[in-house]
Amino acid sequence: MIVTRTSYNTVPPKVVYSLTPYGSRLHQFLVEMTNLGEEVAPHLVKPGAPIEFDYHY
């Protein structure tokens, strides 16, 4: 399993998703793949612009 889902019996309803340890390992792998891609294909990245992720831990 990559993500766990925890729901809370509240009003309004609340659901929290988080990475499992396996999901964390997968995240690290994807970050490394992104770094490798930036090195071998720099023409695909705007100069000086970091790749941004749209999520928070």
(Q) Same cluster or not: M1 versus F29, using hydrophobic residues (I, L, V, M, F, W, Y) connected whenever any side-chain heavy atoms lie under 4.5 Å apart? (A) no

Q: Verify the cluster assignment for V16 and I2: are they in a single hydrophobic cluster under the rule of side-chain heavy atoms below 4.5 Å apart?
A: no

Q. Looking at CG of L19 and CD of Q28, how far apart are the two atoms once the value is rounded to the nearest 0.5 Å?
A. 10.0 Å

Tabulate below the donor-acceptor pairs under 3.5 Å that side-chain atoms of residues 3-11 make, not counting sequence neighbours, or state none.
unit_1, atom_1, unit_2, atom_2, d
T4, OG1, S18, O, 3.4
T4, OG1, S18, OG, 2.8
R5, NE, Y17, OH, 3.2
T10, OG1, P12, O, 2.8

Q) Who passes side chain to side chain donor-acceptor pair (under 3.5 Å) against T20, sequence neighbours left out? A) none

